[in-house]
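First the structure, in the form of structure tokens, and then the observations on it.
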Amino acid sequence: MYIREEGLEADVATLPFDVRPAAQASFGDYGMPLMPWAGKQRLGRPPMQIAEGVAERLRTTHSAIIREVSVARPGFLNITLDQPSVGQGILARVAAAGEGYGVAQAGAGVKVVIEHTAINSNKAAHVGHLRNSCVGDTAARMLRTQGYQVEVQNYIDDTGVQVADVVVAQELIRRGELEVEGGPEPLPGESFDYYCSRIYVAVGKAYERRPELAEMRRAVLHSIEHGGAREPDLPDYAQQAAGLSAAIVQAHLTTMSRLNIYYTLLTWESAIVAAGLWRHTFETLRDRGILRKPESGPAKGAWILPFGEGDSSSDEGDHSSDKILVKSDGTATYTGKDIATQLWKFGISDDPSIGVHFHFLPWGKQENGEELWTMRATATADEAKREAPAADFGHANRVVNVIDVRQSYPQQVVYESLRRLGYVEQAENSRHLAYEVVALSPAAAASLGIDTSDGRSSYAMSGRKGIEIKADDLINLAIERLLAPREPDAAPSMSRATAATLATSAIRYFMVRFDLQQIIVLDIDQALRPSGDSGVYLQYAHARAQSILRRLGEAGYQAPTKLPSLPAALDQSEWDLLRHIDAWPRALAEATDLLEPHRVAAYAFDLATRFSDFYDHTSPVLREADASVKAFRAMLVRATTQTLRNALLTLGIEPLDRL
RNA sequence: GUACCCGUAGCUCAGUGGAUAGAGCGUUGGUUUGCGGAACCAAAGAUCGGAGGUUCGAGUCCUCUCGGGUACACCA
């Protein structure tokens, strides 16, 4: 309008409309820099003059929601809103949307397969895996709010040496040849995955002392990878390994369900190999001339994917930038099988003529009531009756792989392979959601008996060496700390169930509140702190708000569902709270587009602090005499709980109504 | 060697190229009668690792550099 009236030649669409919340309350509510409009390529006049001009036009429109328009150097347009009318609109929107406040349809009709957790099936989950699962589960929940159809897959590498190692450990224990810290038998109350972690560490030490065990390890691994091929007098290692993997995965699922983390489908590396998906993928890559088989050099006899600029050498020796997909003994590498899995996720291996067929069978009901499915290469006639159609799984438009940042290079190889096979669109719709690792603080490391006298600021975990904090241990410790009386003589103040929910809140919040590229140096006290910027604080804010609503109801007060008008003057804390509630749908949509869960955590914390502000700066709703003020505040509290509730659910935290 | 990530208050971290860089923890001092104090208020605490550059404007973008981490395996 300004441009037209001034008779200026400019394409309005090219001008940035960069409206943002004001940096300071004294500027107004929203600000918009008009400096970018000033350049010679744009309007060609000083920014202050433009700002004055636009401000004048805005003033003369007499909009109901704008109370004041001002201008500040060097060219900001500041807008102060009419609080009663804008606030009324915000409250009405939240009330109308309810649980759907923040929900959008940007992803309608788009199927996303998101893979997370993916813990090797030979040991218990540790806090590093927890970050993966919490980030992945939160991302899945975020995607669902935007209308995406989300399938959560948990990929289990059940064929590698780590599983073989536990089988070797069991065999050595049977022969009475393995020394295990804590004893070779499961301890009373010890879960199976914990027991396996223990004997896994023990067998690792045994390998160092007894090099001749390498032969046994190789035999077990070969048996697992080829199934059936075994000496008649030896145990069936393949079957033993399969049973082991299933039991450990079940233990992982139990751990994750304590944190409200659930899945749609378990995918197994053994099934991908057994169904011929890997063989088909390999043959396709080979037949299209994408692979090479060097006759000499370090990769002699292996099938490689040429990658990068060729070979390079450094002080540490020669490196090939090629990626080996098939080892010289004919077995596939991790990356090779990852390419096959990625193709399947997109539904590319669907063609019946390929002959790759998976059976999808129920694994069991999860605690959230949803069925978990598993994927197998074969099924008995009986099982086939319970099978789900293969079309229900995979066939994604977009694939998200939640894997730590150290796997960036292999992931890049996977996506590049898709591209070279001609699946350019699928390659572009593949996303490696990379996160940094969890390391241990010196205090945490010392608690595991590690020598920290070298003064390093953090210590890497290692499941192989037993240097790790297990997920269940952290959860249990959190519960104990919450149950511990705050005053020396006081009785426990909450039930065990409440403490468990709070522990979940604290841990999930802690695991996602950092930027993904930030290494988390885990300090137990910091992670489980129940005050300040924490999941527990969010729960208290929510419970306090709920308690106000509950007591209003008990007093027979019926809050109106619609307000004829708001009080003319709002308290600053009321206005700040309203504006932040208003920001939720946009904050959630942006966080989801960027797949940055920490933004949701930050939003929830900001909302909770603004509610606390409001709570402490206004007189109690319960005793409010002025009917219109009471109605407004009751609705504001209701809108707050609704928004906070929606944010907590997105974070996978079950909101508590009372503590 | 090559590539990527991190460096912001004593500590742990936020921070769309935009106005006076924000939280939590810790420190110091406050808040009883009023809806749950695991809360709130106030104070102190930052030449955003360093040097150049681009820009009307840089913690944010570019180049160089210093410190820390990771990857470049027929491991997983």
Side-chain angles (χ1 to χ4, degrees), chain A residues 18 20 22-24 26-27 31-33 35-36 38-39 46-47 72-76 78 120 157 160-162 298-304 307-309 312-316 319-321 323-329 331-336 404-410 412 434 436-437 439 441 456-458 460 463-464 482 486 493 502 513-521 523 525-527 529-534 536-537 539-541 543-545 547-552 555 590 594 598-599 601-602 605-606 609 612-613 615-624 633 637 658-659:
Chain A
D18 187 14
R20 58 185 66 214
Q24 278 180 71
S26 62
F27 296 149
M32 178 162 145
M35 294 77 88
R73 280 187 315 136
F76 285 100
N78 287 321
N120 289 342
D157 175 14
V161 285
Q162 16 32 43
K300 183 185 173 198
W303 286 93
I304 62 158
F307 203 76
E309 305 290 316
S312 61
S313 52
S314 70
D315 297 343
E316 294 122 49
H319 294 283
S320 167
S321 48
K323 187 76 192 169
I324 292 174
L325 299 187
V326 180
K327 306 177 208 170
S328 48
D329 68 359
T331 58
T333 61
Y334 225 58
T335 305
D404 80 57
V405 71
R406 294 172 302 185
Q407 307 261 357
S408 295
Y409 172 63
Q412 203 188 331
E436 263 292 359
V437 296
S441 70
R456 288 163 54 194
S457 60
S458 72
R464 207 163 39 78
L482 287 159
R486 293 178 69 76
S493 56
L502 284 182
R513 59 176 271 239
F514 303 98
D515 184 285
L516 293 176
Q517 284 163 333
Q518 193 72 243
I519 295 174
I520 297 181
V521 179
D523 177 88
D525 290 332
Q526 189 209 343
R529 182 181 295 144
S531 64
D533 189 359
S534 75
V536 178
Y537 173 82
Q539 288 282 21
Y540 270 87
R544 204 175 298 128
S547 150
I548 294 172
L549 296 177
R550 188 170 57 243
R551 297 209 32 198
L552 280 171
E590 284 177 0
L594 298 166
H598 78 277
R599 288 170 180 261
F605 178 66
D606 280 348
T609 52
S612 292
D613 258 6
Y615 182 84
D616 281 294
H617 285 98
T618 57
S619 54
V621 184
L622 284 169
R623 301 185 174 202
E624 182 57 51
R633 292 205 178 136
V637 173
R658 60 201 316 169
L659 300 171

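Quick note: numbers below take in every heavy atom, side chains included, and nothing from hydrogens, waters or symmetry partners. Chain A is the first sequence line, chain B the second, and so forth, proteins listed ahead of strands; every chain is numbered from 1.
For the pair A:His598 and B:C13, the criterion of a side-chain N or O lying under 4.0 Å from OP1 or OP2 is not met. Contact check, A:Arg623 against B:C35: no side-chain N or O comes under 4.0 Å of OP1 or OP2. A:Lys327 has no side-chain polar atom (N or O) that falls below the 4.0 Å cut-off from OP1 or OP2 of B:A73. Put simply, A:Ser547 has a side-chain N or O that comes within less than 4.0 Å of OP1 or OP2 on B:G36.
Checking side-chain atoms of A:Thr609 against main-chain N and O of A:Phe605 turns up a donor-acceptor pair under 3.5 Å. Judged by distance alone, with hydrogens and angles left aside, the side-chain atoms of A:Thr335 form no donor-acceptor pair with the main-chain N or O of A:Pro410 at under 3.5 Å.
B:G45 and B:G10 have their P atoms separated by 10 Å, given to the nearest Å. Only the C1' atoms considered, B:A21 is 25 Å distant from B:U63, to the nearest whole Å. For B:C75 and B:G67, the C1' atoms lie 30 Å apart once the distance is rounded to whole Å. Rounded to the nearest Å, the gap between the P atom of B:G29 and that of B:C61 is 42 Å. Atom name P, nucleotides B:G24 and B:U20: the rounded distance is 23 Å, in whole Å. The C1' atoms of B:C62 and B:G17 are separated by 13 Å, rounded to the nearest whole Å. Comparing the C1' positions of B:U31 and B:U70 gives a spacing of 49 Å, expressed to the nearest Å. Spacing of P atoms, B:U54 relative to B:G22, comes out at 28 Å, to the nearest Å.
Residue A:Gln539 is classed as having no contact, given no heavy-atom separation below 4.0 Å to the nucleic acid. Nucleic acid contact class of A:Val161 (heavy atoms, under 4.0 Å, all strands): sugar-phosphate only. Counting non-hydrogen atoms under 4.0 angstrom, A:Tyr540 reaches a base of the nucleic acid. As judged by a 4.0 angstrom heavy-atom cut-off over every strand, A:Leu552 is placed among residues making no nucleic acid contact. At the heavy-atom level, A:Thr333 lies under 4.0 Å from the strands shown only through sugar-phosphate atoms. Nucleic acid contact class of A:Asp525 (heavy atoms, under 4.0 Å, all strands): none. Residue-level contact check: A:Ser441 touches neither bases nor backbone, having no heavy atom under 4.0 Å from any strand. The residue A:Val621 sits close to a base: some heavy atom pair falls under 4.0 Å.
Side-chain atoms of A:Gln517 and A:Val405, non-hydrogen and from C-beta on, never get closer than 4.5 Å to each other. Contact check for A:Arg658 versus A:Ser547: no side-chain heavy atoms found under the 4.5 Å cut-off.
Shown here for A:Ile324 and A:Ala299, the closest heavy-atom pair between the two residues is CD1-CB, 3.9 Å. When all heavy atoms are compared, the tightest approach of A:Tyr537 to A:Ser612 is OH-OG, 3.1 Å.
In this structure, the separation between CG on A:Leu516 and CG on A:Asp404 is 11.5 Å, given to the nearest 0.5 Å. Note that OH of A:Tyr540 is 6.0 Å distant from CG of A:Leu502, once rounded to the nearest 0.5 Å. The CG atom of A:Asp523 sits 7.5 Å away from the CZ atom of A:Arg529 when rounded to the nearest 0.5 Å. Distance check, rounded to the nearest 0.5 Å: CG of A:Leu325 to OG1 of A:Thr331 gives 12.0 Å. Once rounded to the nearest 0.5 Å, the distance linking CG of A:Leu552 with CZ of A:Arg633 reads 12.0 Å. The CZ atom of A:Arg513 lies 4.5 Å from the CG atom of A:Asp533; values are rounded to the nearest 0.5 Å.
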Pairs: protein N or O with nucleotides 6-9 of chain B N or O, under 3.5 Å:
{"from": "B:C6", "atom 1": "OP1", "to": "A:Gln517", "atom 2": "OE1", "distance (Å)": "3.4"}

Look for any protein N or O under 3.5 Å of an N or O in nucleotides 43-50 of chain B and output each such pair with its distance, or none.
none

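We find that A:Lys327 and A:Asp329 are not joined by a salt bridge, their nearest charged nitrogen and carboxylate oxygen being 4.0 Å or further apart.
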Letter by letter from the 5' end, nucleotides 18-26 of chain B scores (B base, S sugar-phosphate only, - none; protein heavy atoms under 4.0 Å) BBB--SSS-
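One interatomic measurement links the two molecules: OH of A:Tyr334 to P of B:A71, which rounds to 15 Å at whole-angstrom precision. For the pair A:Ile520 CD1 and B:U12 C1', the computed distance is 11 Å after rounding to whole Å. Nucleotide B:C13 holds its P atom 14 Å from the CG atom of A:Leu516, rounded to whole Å. Note: CD (A:Gln407) to P (B:A71) measures 10 Å, nearest angstrom. Rounded to an integer number of Å, the gap from A:Phe514 CZ to B:C5 C1' is 17 Å. A:Tyr615 has its OH atom 14 Å from the P atom of B:C41, to the nearest Å. The interatomic distance linking A:Asp329 (CG) with B:A73 (C1') rounds to 14 Å, in whole Å. The CG-C1' distance, from A:Asp523 to B:C13, rounds to 13 Å in whole Å.
Across the strands present, B:A21 finds no partner; the criterion is a Watson-Crick or G-U wobble pair with both atom distances under 3.5 angstrom. If you check B:U54 for Watson-Crick or wobble pairing at under 3.5 angstrom, you find it has no partner at all. When both pairing distances are held under 3.5 Å, B:G1 makes a Watson-Crick or G-U pair with B:C72. With a cut-off of 3.5 Å on both pairing distances, the Watson-Crick or G-U wobble partner of B:A43 is B:U27. Figure legend. B:U33 is base-paired to no nucleotide; pairs are counted as Watson-Crick or G-U wobble with both atom distances under 3.5 Å.
By the neighbour-count criterion of 12 heavy atoms within 6.0 Å, atom CZ of A:Arg550 is densely surrounded, having more than that number from other residues, nucleotides or ligands. No more than 12 heavy atoms of other residues, nucleotides or ligands lie within 6.0 Å of CZ in A:Arg464, so this atom counts as exposed by the packing criterion.
Residue-nucleotide stacking is not present for A:Tyr409 and B:C72, judged by a side-chain ring centre under 5.5 Å from the six-membered base ring centre and planes under 30° apart.
Counting atom types as modelled, A:Ser408 pairs no side-chain N or O with a base atom of B:C4 as donor and acceptor under 3.5 Å.
Looking at which nucleotide of RNA chain B each of A:Ala332 and A:Arg406 is closest to, the 5′-most match is held by A:Arg406.
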